[in-house]
Amino acid sequence: IIGGRKSVDEIGGRNRWTKSVDERSTAVAGADVKAVVRERYGQAASQVGKAGCCGASSTIDGCDPITSNLYDSTQADSLPKEALQASLGCGNPTALAQLTPGETVLDLGSGGGIDVLLSARRVGPTGKAYGLDMTDEMLVLARENQRRAGVNNVEFLKGEIENIPLPDNSVDVVISNCVINLSSDKDRVLHEAFRVLKPGGRLAVSDVVTRGDIPGILRENLELWVGCLAGALDEADYMAKLAAAGFATISIEPTRIYRIEDAREFLAGKGIDVDAVAAQVDGRFLSAFIRATKPGGAEAQRCGCCSD
């Protein structure tokens with residue numbers, strides 16, 4: 001591990017948790033997960049402006065350590081407060097993604113639009129930022145936040161991350177903030193992200209991952225799917241799925257490691273004996289920044305000219 005990152009080569013193809021995670025994902029029916037996510041995130045959008053210390057995230061997880069304190073004051077002050085209140089992510093992909101003027105960015109599960117608006121400002125008027133969300137209430141909120149922010153190079157699309165409504169090879173960067181783990185078909189999501197990226201395009205995702213085995217009672221809890229925990233992949237499994245989708249240069253960089261005290265907060269009120277499982281999840285849930293690239297692009301063309 002260099003600089004806190006773990007590459008796919010260091011994992012060595014290990015995906016020993018794939019079967020158990022996929023079996024438990026199947027046990028929690030995909031339709032049920034999607035319905036609960038849509039309902040809860042719709043509720044979160046409607047609570048913006050009414051929420052307390054943690055903004056809209058309090059309607060899902062309370063003032064928990066996953067969704068709080070993700071944006072610095074400069075970023076927070078530059079956007080409508082409603083965009084910040086609607087943030088339900090686990091990281092700040094726009095602070096880590098290397099966006100440049102003129103690029104096209106797609107945010108999977110854009111919610112209230114905070115990462116889309118931040119991305120739009122970084123790619124400038126010659127670039128564009130798309131936000132994709134399946135929740136009507138979040139789309140209404142995001143478009144209102146766009147209006148308040150006065151950002152024009154943005155378009156919010158209704159759709160599901162398993163079926164992205166954009167053509168092949170159409171975006172330079174795909175970002176997402178703690179949304180891919182909500183899907184019960186992560187392979188489809190990653191294949192779709194690969195499809196819409198241009199050759200040489202980058203994936204830059206903040207997500208929750210696991211390190212080691214997780215008690216089955218957590219994997220099967222719908223409340224914890226909505227809270228970004230039950231659907232989280234083991235870091236080796238995540239890397240294997242990215243490689244299977246066609247991605248290269250894959251790495252995972254932990255940004256927060258959750259300890260027993262954090263576990264007590266995000267498990268409270270979920271119908272789980274916190275004392276019985278808290279020690280079993282100590283250090284096993286992580287917020288992480290996941291990077292990958294789609295092979296091809298200018299660099300590959302330069303190398304290809306000499307391949308004969």
| note | Hits for side chain to side chain donor-acceptor pair (under 3.5 Å) against T104, two or more places apart or cross-chain, chain-then-number order -> none

| Is D136 paired with K158 through a side-chain N to carboxylate O contact shorter than 4.0 Å? | yes

| request: Output all residues satisfying side chain to side chain contact (heavy atoms under 4.5 Å, CB included) with T100, sequence neighbours left out; order by chain, then residue number. | output: E103

| task | Without swapping roles, check the side chain of N145 against the backbone of G112 for a donor-acceptor pair under 3.5 Å. | result | yes

| query | Can you tell me if S176 uses its side chain to pair, donor with acceptor, with the backbone of D107 under 3.5 Å? | reply | no

| Atom CD1 in I161, atom NZ in K186: separation rounded to 0.5 Å? | 9.0 Å

| note | dist K128:NZ -> L106:CG (nearest 0.5 Å) comes out at 11.5 Å

| request: With sequence neighbours excluded, tell me which residues meet side chain to side chain contact (heavy atoms under 4.5 Å, CB included) with A120. | output: A129, V151, N153, V154

| request: Drop me the distance from E144's CD to Q146's CD, to the nearest 0.5 angstrom. | output: 10.0 Å

| field | Residue list, ring pair (Phe, Tyr, Trp, His ring centres under 6.0 Å) with F247, at least two apart or on another chain | value | F194

| note | d(N181 CG, S206 OG) to nearest 0.5 Å is 11.0 Å

| salt bridge (charged side-chain N to carboxylate O under 4.0 Å, His left out) against D185, all qualifying residues, sequence neighbours excluded | none

| query | Is the side chain of R143 donor-acceptor paired with the backbone N or O of F156 at a distance under 3.5 Å, no angle test? | reply | yes

| request: Could you tell me whether a side-chain N or O of R284 sits under 3.5 Å from a main-chain N or O of D213, the two making a donor and an acceptor? | output: yes

| With E192 via side chain to side chain donor-acceptor pair (under 3.5 Å) - residues at least two apart | R195

| Do the non-hydrogen side-chain atoms of F289 and P254 ever get within less than 4.5 Å of each other? | no

| task | Mark yes or no for whether D133, through its side chain, and G111, through its backbone, hold a donor-acceptor pair below 3.5 Å. | result | yes

| query | Is the side chain of R202 donor-acceptor paired with the backbone N or O of Q98 at a distance under 3.5 Å, no angle test? | reply | yes

| request: I would like to know whether M239 and I252 meet side-chain contact (heavy atoms from CB on, under 4.5 Å); could you show each step before the answer? | output: CA-CA 8 Å; M239 294 176 116; I252 292 182; 3.6 Å; yes

| Verdict with reasoning, K294 to N169, per side-chain hydrogen bond (donor to acceptor under 3.5 Å, both in side chains) | CA-CA 10 Å; K294 181 174 181 175; N169 308 315; 2.9 Å; yes

| Hey, is the main chain of L166 close enough, under 3.5 Å, to the side chain of S170 for a donor-acceptor pair? | no

| task | Each residue besides V123 in its hydrophobic cluster should be listed here, by chain and number; the cluster joins Ile, Leu, Val, Met, Phe, Trp and Tyr at side-chain heavy-atom distances under 4.5 Å. | result | L99, V105, V173, I175

| field | Residues forming a side chain to side chain contact (heavy atoms under 4.5 Å, CB included) with P165, sequence neighbours excluded | value | L132, L157

| task | Measure from the side-chain N and O atoms of S183 to the backbone N and O of I180, and report whether any donor-acceptor pair falls under 3.5 Å. | result | no

| Can any side-chain N or O of T210 pair as donor or acceptor with the backbone N or O of D234 at less than 3.5 Å? | yes

| message | Going by side chain to side chain donor-acceptor pair (under 3.5 Å), name the residues that satisfy it together with Q280, two or more places apart in sequence or in a different chain. | response | none

| request: Tell me, please, which residues at least two apart from A248 pass side chain to side chain contact (heavy atoms under 4.5 Å, CB included). | output: T293, P295

| request: In sequence, state the C-alpha distance, the side-chain angles, and the governing distance for R291 and L203, and then conclude on side-chain contact (heavy atoms from CB on, under 4.5 Å). | output: CA-CA 6 Å; R291 295 178 174 90; L203 181 82; over 6 Å; no

| query | With sequence neighbours left out, what residues match Y130 under side chain to side chain donor-acceptor pair (under 3.5 Å)? | reply | none

| said: Measuring from atom CD1 of I290 to atom CG of L242, what distance do you get when rounded to the nearest 0.5 angstrom? | reply: 7.5 Å

| Between L286 and R256, is any pair of side-chain heavy atoms under 4.5 Å apart? | no

| query | So, R259 side chain and D282 main chain: donor-acceptor pair closer than 3.5 Å or not? | reply | no

| task | Please examine the side chains of V174 and I164, heavy atoms only from C-beta on, and report whether any two atoms are closer than 4.5 Å. | result | no

| message | Let's go through D207 and Y238 carefully: what are the C-alpha distance in whole Å and the side-chain angles of both, what is the deciding distance for side-chain hydrogen bond (donor to acceptor under 3.5 Å, both in side chains) to 0.1 Å, and is it a yes or a no? | response | CA-CA 10 Å; D207 218 339; Y238 212 131; 2.9 Å; yes

| query | Atom OG in S110, atom CD in E155: separation rounded to 0.5 Å? | reply | 11.0 Å

